[in-house]
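Read through the structure below, which is laid out as structure tokens, and then see the notes.
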Amino acid sequence: MDISAVNALSYEEFVNIFGNVVEKCPLITAAVWTSHPFMSINALEAEINDFIDALPESGKEGILRCHPDLAGRDLHSGALTRESQEEQARAGMGELSPAEASRMARLNEKYKERFGFPFVICARMNDKARILSELSERLQNERAAESARGIAEVKKICRLRLQALVLSEAPKL
Ligand SMILES: NC(=O)N[C@H]1NC(=O)NC1=O
């Protein structure tokens with residue numbers, strides 16, 4: 001799908017296709033529709049990033065809270081979004097040893113207790129060892145730094161989801 005195909009979509013089609021580029025935040029996709037037609041896919045991505053950057057801190061934390069835990073309850077109950085399911089599977093989140101799984105669960109809980117939002121990392125750019133080591137390292141950060149770091153990861157996830165959709169031949173309506 002190239003940018004002219006994206007620009008030819010109706011609003012409903014656009015939100016159906018791109019509504020989850022930021023996990024469980026179709027509001028963001030609906031909001032950037034205001035700026036269509038887009039000059040390029042990069043311009044669409046930039047609109048999304050600008051919208052996120054303009055949010056107050058509570059909005060940014062809200063975006064982080066829309067993310068499921070890595071290797072968490074939703075993975076085990078099959079309740080993940082299609083995108084998150086693919087990302088977590090590729091990063092090996094479904095194949096943790098019992099020791100890794102309990103370490104991940106313990107650190108995820110500790111992280112949420114400390115910051116009030118979940119640990120977010122672009123799973124496609126990391127493997128399970130790296131995810132575990134980042135999680136334990138980032139637990140030491142200050143809250144403001146960690147919120148900014150989480151949002152930077154959200155933008156990486158968004159970029160890869162956008163690329164996957166644009167590269168796919170037929171839009172899934
Ligand atoms: N918590 C968290 O990072 N979740 C995610 N990361 C990712 O790449 N996909 C997700 O759902």
Side-chain angles (χ1 to χ4, degrees), residues 15-30 32 41-42 44-46 48-49 51-53 55 57-97 99-168 172:
V15 173
N16 273 340
I17 294 171
F18 293 100
N20 206 45
V21 291
V22 178
E23 178 76 9
K24 295 193 186 138
C25 293
L27 165 75
I28 298 177
T29 310
V32 301
I41 299 297
N42 284 344
L44 166 57
E45 183 191 1
I48 293 170
N49 289 345
F51 183 88
I52 294 172
D53 289 340
L55 289 171
E57 183 57 27
S58 59
K60 293 176 182 155
E61 290 184 11
I63 291 176
L64 297 174
R65 289 189 193 105
C66 287
H67 286 71
D69 281 351
L70 289 164
R73 202 186 315 126
D74 288 355
L75 173 73
H76 297 111
S77 67
L80 291 175
T81 61
R82 181 175 43 80
E83 294 88 345
S84 180
Q85 153 68 36
E86 279 174 23
E87 291 154 0
Q88 297 208 29
R90 280 199 190 203
M93 294 295 100
E95 295 149 11
L96 299 180
S97 69
E100 289 166 338
S102 71
R103 179 148 187 260
M104 181 79 85
R106 191 168 43 80
L107 292 175
N108 267 335
E109 281 317 305
K110 231 173 147 183
Y111 185 102
K112 278 188 277 191
E113 244 167 60
R114 175 162 159 81
F115 298 115
F117 48 79
F119 171 72
V120 175
I121 190 166
C122 179
R124 273 187 196 268
M125 292 182 166
N126 292 280
D127 59 16
K128 66 180 179 181
R130 181 110 189 112
I131 288 172
L132 273 165
S133 73
E134 284 282 310
L135 176 47
S136 85
E137 248 172 59
R138 283 173 49 186
L139 256 171
Q140 315 304 321
N141 282 345
E142 292 305 317
R143 184 189 165 92
E146 211 25 53
S147 153
R149 178 61 197 276
I151 288 297
E153 296 294 319
V154 167
K155 290 177 181 173
K156 292 183 202 168
I157 296 169
C158 173
R159 162 171 265 255
L160 295 183
R161 288 184 181 184
L162 267 175
Q163 281 175 358
L165 285 166
V166 168
L167 289 175
S168 72
K172 293 187 195 76

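Every number for a ligand or one of its atoms is a count from 1 in the order of the listing.
Looking at Pro68 against ligand 1, both its backbone and its side chain come within 4.0 Å, counting heavy atoms. Of the heavy atoms in Val120, both backbone and side-chain atoms come closer than 4.0 Å to ligand 1. Residue Cys122 touches ligand 1 through its backbone alone, judged by heavy-atom distances below 4.0 Å.
Two residues are said to be in side-chain contact when any heavy atoms from C-beta on lie closer than 4.5 Å; Val154 and Lys60 fail this criterion. The shortest distance between side-chain heavy atoms of Asp69 and Glu109 falls below 4.5 Å. Taking the side chain as every heavy atom from C-beta outward, Asn20 and Arg82 never approach each other to under 4.5 Å.
Checking only distances, Phe119 does come within under 3.5 Å of ligand 1, N or O to N or O. Ligand 1 has no N or O atom lying under 3.5 Å from any N or O atom of Glu23, backbone or side chain. Residue His67 has no nitrogen or oxygen atom sitting less than 3.5 Å from a nitrogen or oxygen atom of ligand 1, judged on distance alone.
Of the protein's non-hydrogen atoms, the one nearest atom 8 (O) of ligand 1 is Ala123 N, 2.8 Å. Looking from atom 9 (N) of ligand 1 to the surrounding protein, the closest heavy atom is Glu87 OE1, 2.6 Å. In terms of protein heavy atoms, atom 11 (O) of ligand 1 is closest to Ser84 OG, 2.6 Å. What sits closest to atom 3 (O) of ligand 1 on the protein, heavy atoms only, is Ile121 N, 2.9 Å.
A salt bridge links Glu23 with Arg161; the closest basic N to acidic carboxylate O contact falls under 4.0 Å. By the 4.0 Å N-to-carboxylate-O rule, Arg90 lies too far from Glu86 to be salt-bridged with it.
Each of the following atoms of ligand 1 lies closer than 4.0 Å to a heavy atom of Ile157: 6 (N), 7 (C), 8 (O).
Not a single donor-acceptor pair under 3.5 Å links the side chain of Arg73 to the backbone N or O of Ala79.
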